Amino acid sequence: MKIEVWSDYVCPFCYIGKRTLEQALVRSGYESQAEITFKAYELDPQAPVDSSRFAYEHLAEKMGQSLERAKEMTAGVAEQAKAFDLHYDVENMPHANTFSAHRLVKWAATQGEEHQLTELLMHHYFEKAHNISNAETLLSIAEKAGLDREQAAEVLDSDQFQGEVERDIQEAGQIGVQGVPFFVVNRKYAISGAQPLEAFIEALEQIGEEEGMRPALKPIGKAKTSFCTGDSCDGE
């Protein structure tokens, strides 16, 4: 099951959507058969890399709302995130440009650390309110993902992987992505937005059935029991 996820690291519903997908794959039994790829998407391509504004301030301006109303809207999403044990720092999340972060993840994918870096970028932005526009912040997060700091710095100081990011964004427009998160399964099925967990499970089960896939069996009974393999027999 090939799953492509268009998302942005400053999209509050994208972190929720990521957790929903992970849990839905486990619950539906398709976790071991899923191949997940993250695709780049920019919610605000014009965001400055050195902005001193908070995310809710930008939201207020964009939506034509008061600062109080923007905070309420952000806090509402944060409440939904708590269901997945995610704790957003809504008061301090910065208005950030994510193009360099997307380039860094494209490089991380060549090192086998795409998933780890994606998770850490979202964690540091939403739960620690770190500015992921900042190069030093990105390098620190890359190190935590197990990536080489000097190589990461070389990527950030160049235009490497710019084309890959731009192709993702262009492709999003071609297939009709109007907002994120957006999930494409086997290039045939689309799931838009951070759907409720049960709805996501149902969608994966329907896709699996239509694609002729069998979910992994769910073990029941004692965690440890007596059994034989081709090499040995073991028991309690």
Side-chain angles (χ1 to χ4, degrees), residues 1-22 24-25 28 30-31 33-49 55 58-59 61-63 77 95-119 121-122 125-126 132-133 138 155-156 158-197 199-213:
M1 185 179 286
K2 182 177 180 180
I3 304 175
E4 296 164 290
V5 185
W6 271 266
S7 63
D8 198 6
Y9 309 115
V10 295
C11 162
F13 283 114
C14 288
Y15 205 4
I16 295 172
K18 182 176 182 294
R19 282 290 185 273
T20 305
L21 171 62
E22 293 165 351
L25 284 169
S28 64
Y30 290 113
E31 181 185 26
Q33 301 178 63
E35 176 190 341
I36 302 173
T37 302
F38 291 98
K39 296 282 193 172
Y41 191 93
E42 285 188 285
L43 285 177
D44 185 11
Q46 306 306 317
V49 297
H58 171 68
L59 179 62
E61 181 181 309
K62 181 179 179 180
M63 303 296 293
V77 180
H95 182 214
N97 185 293
T98 58
F99 194 81
S100 290
H102 282 297
R103 286 198 302 114
L104 202 61
V105 169
K106 290 298 181 185
W107 167 68
T110 69
Q111 309 296 306
E113 297 294 347
E114 171 192 20
H115 290 251
Q116 178 73 351
L117 185 56
T118 295
E119 173 64 29
L121 283 167
M122 289 183 166
Y125 179 75
F126 288 109
I132 58 174
S133 296
L138 288 174
V155 172
L156 293 179
S158 69
D159 61 357
Q160 293 181 62
F161 300 96
Q162 178 176 328
E164 287 86 339
V165 172
E166 291 174 343
R167 280 194 289 275
D168 280 357
I169 295 171
Q170 182 180 34
E171 186 178 12
Q174 292 171 344
I175 64 175
V177 179
Q178 297 181 344
V180 288
F182 193 88
F183 308 86
V184 175
V185 184
N186 290 351
R187 284 279 155 165
K188 292 170 61 177
Y189 310 91
I191 303 173
S192 180
Q195 300 280 341
L197 179 57
F200 220 120
I201 294 169
E202 183 178 348
L204 291 178
E205 290 175 340
Q206 180 180 344
I207 291 170
E209 183 177 348
E210 291 183 9
E211 294 290 286
M213 300 174 64

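Count residues from 1 along the sequence. The model shown is predicted, which means the values in this text are computed figures rather than measured ones.
Atoms CD1 and CG, on Ile207 and Asn186 in that order, are 7.5 Å from each other to the nearest 0.5 Å. With rounding to the nearest 0.5 Å, the separation of CH2 in Trp6 from CD1 in Ile169 is 11.5 Å. To the nearest 0.5 Å, the span separating CG on Leu43 from CG on Asn97 amounts to 11.0 Å. Going from atom CG of Leu21 over to atom CD1 of Ile16 covers 14.0 Å, rounded to the nearest 0.5 Å. In this structure, SG in Cys11 is found 12.5 Å from CG in Asp44, a value given to the nearest 0.5 Å. Separating the NE2 atom in His58 from the CD atom in Gln46 is a distance of 10.0 Å, to the nearest 0.5 Å.
When all heavy atoms of Gly17 and Phe183 are compared, the pair lying nearest together is O-CZ, 3.7 Å. When all heavy atoms of Cys14 and Ser7 are compared, the pair lying nearest together is SG-CB, 3.6 Å. Counting all heavy atoms, side chain and backbone alike, Tyr41 lies closest to Gly179 at OH-N, 4.1 Å. Shortest non-hydrogen contact noted between Val184 and Phe182 is CG2-CE2, 3.6 Å. Nearest heavy-atom pair, Ser28 versus Ile201, reported as atom, atom and distance to 0.1 Å: CB-CG2, 4.3 Å.
Inspection of the Gln206 and Glu210 side chains reveals an N or O donor paired with an N or O acceptor under 3.5 Å. One side chain, Glu166 or Gln162, offers a donor N or O that lies under 3.5 Å from an acceptor on the other.
Pairs engaging residues 177-188 under the salt bridge (Lys or Arg N to Asp or Glu O under 4.0 Å) rule: Glu4-Arg187, Glu171-Arg187, Lys188-Glu211 [sequence neighbours left out]. Residue pairs meeting the salt bridge (Lys or Arg N to Asp or Glu O under 4.0 Å) criterion with at least one member in residues 98-119, sequence neighbours excluded: Lys18-Glu119, Arg19-Glu119, Lys106-Asp168.
By the 4.5 Å heavy-atom criterion applied to side chains, Met1 and Leu204 are counted as neighbours. Taking the side chain as every heavy atom from C-beta outward, Phe99 and Pro45 never approach each other to under 4.5 Å. Side-chain contact between His95 and Ser133: absent, with no pair of heavy atoms (C-beta onward) separated by less than 4.5 Å.
Taking the side-chain contact (heavy atoms from CB on, under 4.5 Å) definition, one finds that Glu61 meets it with Arg53, sequence neighbours left out. Take Gln195 and apply the side-chain contact (heavy atoms from CB on, under 4.5 Å) test, not counting sequence neighbours, and it matches Ile191, Ala199, Phe200. In this structure Pro12 satisfies the side-chain contact (heavy atoms from CB on, under 4.5 Å) test together with Val77, Tyr88, Phe126, sequence neighbours excluded. Under the side chain to side chain donor-acceptor pair (under 3.5 Å) criterion, Thr98 pairs with Asp8, not counting sequence neighbours.
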* **Steps toward side chain to side chain contact (heavy atoms under 4.5 Å, CB included) verdict (Leu138, Leu121)** => CA-CA 8 Å; Leu138 288 174; Leu121 283 167; 3.6 Å; yes

* Is there a side chain to side chain contact (heavy atoms under 4.5 Å, CB included) between Tyr30 and Met213 once you walk through the steps? -> CA-CA 9 Å; Tyr30 290 113; Met213 300 174 64; 3.8 Å; yes

* To do: List the steps, then state whether ring pair (Phe, Tyr, Trp, His ring centres under 6.0 Å) holds for His102 with Phe161.
  => CA-CA 9 Å; His102 282 297; Phe161 300 96; over 10 Å; no

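Heavy-atom neighbours of Glu35 CD from other residues, nucleotides or ligands within 6.0 Å: at or below the threshold of 12.
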